[in-house]
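Every chain is numbered from 1 and lettered A, B, ... according to where its sequence line falls, protein lines coming before strand lines. Just so you know, these numbers use all the heavy atoms, side chains as well, and skip hydrogens, waters and symmetry mates. From a predicted model like this one, the values you see are computed outputs, not experimental measurements.
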There are 2 protein chains.
Amino acid sequence: MQDIPPLRPSEAIAPQLVRALRTAIVMMHVQPGQALSETEIARQFGVSRQPVREAFIKLAEAGLVEIRPQRGTFVVPITRRDVMNARFIREAIEVAVVGVLAERITPAIVAELRRLLDDQRRAAVKDDWPGFLALDEAFHRTLAESAGHAHAWRMLDPIKAQMDRVRYLSFSGASPLPVLIKQHTAIVEALARRKRSGAEAAMRKHLREILTALPAIAAEHPDLFDADSRAAATAA
Amino acid sequence: MQDIPPLRPSEAIAPQLVRALRTAIVMMHVQPGQALSETEIARQFGVSRQPVREAFIKLAEAGLVEIRPQRGTFVVPITRRDVMNARFIREAIEVAVVGVLAERITPAIVAELRRLLDDQRRAAVKDDWPGFLALDEAFHRTLAESAGHAHAWRMLDPIKAQMDRVRYLSFSGASPLPVLIKQHTAIVEALARRKRSGAEAAMRKHLREILTALPAIAAEHPDLFDADSRAAATAA
DNA sequence: TGACACATACTACCATACAAGTATAGTGGC
DNA sequence: GCCACTATACTTGTATGGTAGTATGTGTCA
């Protein structure tokens with residue numbers, strides 16, 4: 001694992017490790033299938049094994065690593081099945097969220113969403129993928145919060161991480177930023193018009209984008225996708 | 001905490017503690033707001049504090065306890081808001097599940113669901129609430145698995161736990177078993193007729209049952225519901 | 001009597017040591 | 001060269017001890 005971030009003494013160690021490891025996993029700095037050792041991570045961060053162990057437990061609960069007793073802790077491989085499962089859950093929830101929001105939308109919320117879209121367009125012009133992903137996150141979070149369902153976004157965090165790894169692989173352009181922005185825009189415009197079914201359909205379309213992108217991404221990174229991806233493809 | 005289950009030496013301690021504590025919390029053997037101490041639980045189970053700590057971390061990830069550093073670990077209080085949030089998520093996901101299932105239903109699946117309904121009717125005649133709850137669990141799990149979305153049911157487990165505490169409080173009859181069985185039956189019959197919208201509506205109705213039951217339950221157990229329940233009631 | 005300071009008890013967090021299981025490498029016998 | 005056995009290295013899981021922060025109780029003083 002490269003680029004070990006310094007730890008802040010004022011904060012408990014374990015949560016910091018969770019964050020650092022989660023980021024490293026999502027941003028593909030540690031690879032799917034890679035082994036992470038309590039002892040080694042502890043050595044790298046200059047701490048004891050105990051908080052590393054705690055971080056591993058949390059990451060395992062989040063579905064990002066798998067702890068195999070006596071054998072090791074492994075970064076969970078990416079499978080198409082997992083990605084599609086995550087998408088299914090996200091779609092179910094986020095479609096419900098925009099359904100609620102369409103009926104309680106206000107001009108102020110629309111304005112805020114449009115401001116986020118403007119920011120996204122600026123990031124796209126600069127080909128600033130990390131910046132765009134942060135704005136994408138803010139966009140979806142704002143939708144949930146505005147609908148009074150911030151809890152739903154929080155709950156989706158581990159689900160999202162599965163898809164985020166694929167998102168980082170998308171830097172190659174499997175999902176061009178203008179496509180994503182256009183989809184975001186369609187959601188906002190349907191909401192502005194209080195068109196519940198339109199907003200739901202737009203969100204569905206947006207979250208299905210990854211189904212389009214996934215085969216190309218997997219083909220481009222066959223080493224990163226698990227063998228069971230093949231079976232999942234036929235189930236699509 | 002009463003009725004400490006014996007630990008099986010062949011299995012790691014921490015997962016057993018998770019199960020025991022989760023059950024105790026869901027079945028209201030430990031009360032909302034109650035403090036759980038690493039040291040005390042370790043003493044009661046005859047183990048060291050370490051696996052207790054690990055169990056607490058997992059339960060905290062599942063939203064059942066809150067770990068406050070230096071102060072203690074507390075069973076999360078029941079709030080109407082949390083219950084309703086859980087219901088919202090369950091509805092989003094389970095409606096999506098039956099939507100998919102309506103289009104891929106088979107006579108064998110229908111037969112299995114009807115068999116579960118028969119079992120539920122038998123449990124209801126005997127007023128066997130624990131037995132009924134287990135069959136309710138099996139019913140919902142079967143729906144998800146049959147839809148090819150077993151992952152969704154697994155993912156709902158922590159969400160469900162929030163609602164299950166309320167379910168245990170329902171023994172008093174706030175949701176009579178015949179009402180629940182009728183709702184289950186409506187779901188199955190709509191699925192059998194491949195009526196997607198009918199199945200979705202029936203599932204919605206079923207999961208909204210708790211909205212009907214919640215005020216009565218909270219009124220009956222005011223000590224178990226957190227004060228913020230009042231605010232959530234107005235948001236309903 | 002009330003306020004403040006100090007002592008004590010309690011807590012979770014982290015460090016270190018020990019234990020049990022698994023995987024791999026090395027050695028000896030056939 | 002192959003196979004079986006043993007030794008070693010590695011892993012996670014658990015036990016124990018130390019640390020820092022928080023809460024509560026007690027004693028003193030105005």
Can you check the [X] [atom1] to [N] [atom2] distance for me, whole Å?
| X | N | atom1 | atom2 | answer |
| --- | --- | --- | --- | --- |
| B/Gln50 | C/dA17 | CD | C1' | 13 Å |
| A/Leu7 | C/dC14 | CG | P | 10 Å |
| B/Glu66 | C/dT11 | CD | C1' | 15 Å |
| A/Arg71 | D/dT12 | CZ | P | 12 Å |
| B/Phe45 | D/dT14 | CZ | P | 13 Å |
| A/Ile67 | C/dG21 | CD1 | P | 19 Å |
| A/Glu11 | C/dA12 | CD | C1' | 15 Å |
| B/Ile57 | D/dT14 | CD1 | C1' | 14 Å |

So, is [X] close to the [N] phosphate, meaning a side-chain N or O under 4.0 Å from OP1 or OP2?
| X | N | answer |
| --- | --- | --- |
| B/Ser48 | D/dA15 | yes |
| A/Thr73 | D/dT11 | no |
| A/Arg53 | D/dG13 | yes |

Beyond-backbone contact of [X] with [Y], side-chain heavy atoms, under 4.5 angstrom:
| X | Y | value |
| --- | --- | --- |
| B/Leu21 | B/Ile41 | yes |
| B/Leu180 | B/His206 | yes |
| B/Arg22 | B/Asp157 | yes |

Main-chain N/O of A/His184 paired with A/Gln120 side-chain donor or acceptor, under 3.5 Å:
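No, A/Gln120 side chain to A/His184 backbone: no donor-acceptor pair under 3.5 Å.
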Sub-3.5 Å donor-acceptor pair from the side chain of A/Arg104 to the main-chain atoms of A/Ala147, do we have one?
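Yes, because the side chain of A/Arg104 sits within donor-acceptor range (under 3.5 Å) of the backbone of A/Ala147.
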Using heavy-atom distances to pick each residue's nearest nucleotide on DNA chain C, tell me which of B/Ser37 and A/Ile13 is more 5'.
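Final value for this comparison: B/Ser37.
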Judged by each residue's nearest nucleotide on DNA chain C, which is more toward the 5′ side, B/Thr39 or A/Pro69?
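The residue closer to the strand's 5' end, by nearest nucleotide, is B/Thr39.
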Pick base, sugar-phosphate or nothing for A/Glu54, based on heavy-atom distances below 4.0 Å to the nucleic acid.
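Sugar-phosphate only.
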Under 4.0 Å, counting only non-hydrogen atoms across every strand here, what does A/Ala14 touch: a base, just sugar-phosphate, or nothing?
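Counting heavy atoms under 4.0 Å across all strands, the contact made by A/Ala14 is with sugar-phosphate only.
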Between D/dG18 and B/Arg49, counting only base atoms on the nucleotide and side-chain atoms on the residue, is there a donor-acceptor pair under 3.5 Å?
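Indeed, a donor on one side and an acceptor on the other fall under 3.5 Å apart.
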So which nucleotide from C/dA20, C/dC14, D/dA15 ends up closest to the side chain of A/Gln70?
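When the side chain of A/Gln70 is considered, C/dA20 is the closest of C/dA20, C/dC14, D/dA15.
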